[in-house]
Protein chains: 2
Amino acid sequence: MDEDIKQSLKLFIVLSRAHKAITEQTNQFFQASGVNPTEFAVLELLYHKGKQPLQKIGGKILLASGSITYVIDKLEKRGYITRVNSPSDRRITYAEISESGKEFMAEIFPEHEKKLHELTEALSSEEKDQAIELMKKLGLSIKDLSY
Amino acid sequence: MDEDIKQSLKLFIVLSRAHKAITEQTNQFFQASGVNPTEFAVLELLYHKGKQPLQKIGGKILLASGSITYVIDKLEKRGYITRVNSPSDRRITYAEISESGKEFMAEIFPEHEKKLHELTEALSSEEKDQAIELMKKLGLSIKDLSY
DNA sequence: TATTGTTATACTCTATAACTATA
DNA sequence: TATAGTTATAGAGTATAACAATA
C-alpha cells in the first residue's frame, strides 16, 4: 500500500516532466509564431470547429468572460479573427477565423504537428498507442471524479 | 506517415488532458493549503533535498533571479523558510526550510500523495508501471533533444 | 571580470464586479 | 429575471535591467 502510493507519486512526477518537456518546446514555437498558448488554443478551436459564440470559447478554454474579451480583442487586432453578430439572438457574438487567420494556421499547424511528432519519436508507434490508451483512461477517469 | 503524425498529435492531446485534469486538482489542493504551485515546488525541494542556494532553486524551478527573491520573500514572511548565509562564499544565500515549514509539509505532503493515489486509481498497478516507463522514456528523450 | 542576490519597474494574463443590451 | 458580452479595475506572477557585494 505504501509502495502503491509511491508508485502513484512517481507516475505524477514522470507525467509532469514529460508534459513540461513537451510544452516548453511547443510554447517556444508558439512564441516564435507570435501567439501565446491561449491564443493558439482559440485559433485552433475556430480553425477546426468553425465560428463559436464567445461564451462557448470561454467554456472550452476555461476563461472568465472578461478575459475572453481581452483575448478576442487581441486576436481581432492582429487580424486573425472577426466578430460576427448572431442574427437570431442579438446578445450573442461569434468569433470567426479570418482568411489571414486561416493562412496563419495553415502554415503553423502542420509545423506544430511535425514538431510533436519529432518530440515523441522516442516511442514506437505501438508504445504511443499504449500511452494513448493509458492517458485517455487516466484523463477520463479524473474528469468523472471531479463532479 | 500521415497517420503517424496524427497519432503523435493524439498522444499530445491525451497527455495534456490527463496532466491538466490532475494538476487542476492538485493546484486546488495547494490553494486550499495557502500556497501556489511554485511555492509548493520550492518547499518540496527544500523539504526533501535540504537547504539550497537561491540560484540553484531558480535553476530547478526555472525562475529568473528577481522572481526567486520574490518567491523566497513570500515564504520567509510566512515563516516556512529562513535565509542562511554561506560562510565560505559570502555572495551565496541558502534557503532552508524552518520547523514551521517542516510541520506544514509533514502535514500536507502525505495528503498530496494520497490525493494523487486516488486520482490515478483508474489505472492498475501494472498499468501505472507501464505508464511510468513510457512517460519516463518520453520525458528523458526530449530533455536530450533540447541541447 | 564574473557571479549572487536584491531592487525597481513593467508587462502579461487572469479574475472580479458593475454595467449595457438583449432575451 | 437571466444571459452575453464589455468595461474598468486589481492582483499575481514573471521577466528584465541596473545595481551592490563578493569572488
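Sequence lines set the chain letters: A, B, ... in the order given, protein chains first and strands last, and positions in each chain run from 1. The analysis underlying the following values was restricted to heavy atoms, covering all of them including side chains, and did not include hydrogens, waters or symmetry mates.
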| request: Only counting residues at least two apart or in another chain, list the ones meeting side chain to side chain donor-acceptor pair (under 3.5 Å) with A:K137. | output: B:E127
| Out of C:dG5, D:dG5, C:dT16, which has the shortest distance to the side chain of B:I92? | C:dG5
Heavy-atom pair with the smallest gap, counting every atom of [X] and [Y]:
| X | Y | answer |
| --- | --- | --- |
| A:L43 | A:I81 | CD2-CG2, 3.9 Å |
| A:L116 | A:I22 | CD2-CG2, 3.8 Å |
| B:L119 | A:S141 | O-OG, 4.3 Å |

| query | What bend angle does the helix from C:dT1-D:dA23 to C:dA23-D:dT1 show across its length, from five-pair end axes and to the nearest 10 degrees? | reply | 0°
Within this structure, what is the [atom1]-to-[atom2] distance between [X] and [N], rounded to whole angstrom?
| X | N | atom1 | atom2 | result |
| --- | --- | --- | --- | --- |
| A:I61 | C:dA15 | CD1 | P | 12 Å |
| A:I57 | D:dT3 | CD1 | P | 19 Å |
| A:Q31 | C:dT12 | CD | P | 11 Å |

| said: Using a 4.0 Å heavy-atom cut-off, does A:I68 contact any base of the nucleic acid, only the sugar-phosphate backbone, or nothing at all? | reply: nothing
| message | Once you apply a heavy-atom cut-off of 4.0 Å, does A:T93 come out as touching a base, just sugar-phosphate, or nothing? | response | sugar-phosphate
| said: By the side chain to side chain donor-acceptor pair (under 3.5 Å) test, which pairs, at least two apart or in different chains, include something from residues 44-68 of chain A? | reply: none
| request: Would you list the pairs meeting side chain to side chain donor-acceptor pair (under 3.5 Å) in which at least one residue belongs to residues 74-86 of chain B, sequence neighbours left out? | output: B:E39-B:K74, B:D73-B:R83, B:E76-B:R83, B:S86-B:S88
| Contact letters for nucleotides 18-23 of chain C, in which S counts primed atoms plus P, OP1 and OP2 and B counts the base, heavy atoms under 4.0 Å | ----BS
| Pairing residues for A:K10 by the side chain to side chain contact (heavy atoms under 4.5 Å, CB included) criterion, not counting sequence neighbours | A:V14, B:I132, B:K136
| Partner set under side chain to side chain contact (heavy atoms under 4.5 Å, CB included) for B:P37, not counting sequence neighbours | B:N27, B:F30
| Who passes salt bridge (charged side-chain N to carboxylate O under 4.0 Å, His left out) against B:E111, sequence neighbours left out? | none
| Which residues satisfy the salt bridge (charged side-chain N to carboxylate O under 4.0 Å, His left out) test with B:K102, sequence neighbours excluded? | B:E99
| message | Under a plain distance cut-off of 3.5 Å, with no hydrogens placed, do A:N36 and A:Q31 share a side-chain donor-acceptor pair? | response | no
| said: Within the 3.5 Å criterion, strictly below it, is a donor on A:K128 or B:S8 matched to an acceptor on the partner's side chain? | reply: yes
| query | Going by heavy atoms closer than 4.0 Å, what residues in residues 69-85 of chain A are next to DNA chain D? | reply | A:T69, A:R83
| Under the ring pair (Phe, Tyr, Trp, His ring centres under 6.0 Å) test, which residues partner B:H117, sequence neighbours left out? | none
| Where along residues 33-53 of chain A does a heavy atom fall under 4.0 Å from DNA chain C? | A:N36, A:T38
| task | Would you tell me if any nitrogen or oxygen in the side chain of B:Q55 comes within less than 4.0 Å of OP1 or OP2 on C:dT3? | result | no
| query | Are any of A:S67's side-chain N or O atoms less than 4.0 Å away from OP1 or OP2 of C:dC13? | reply | no
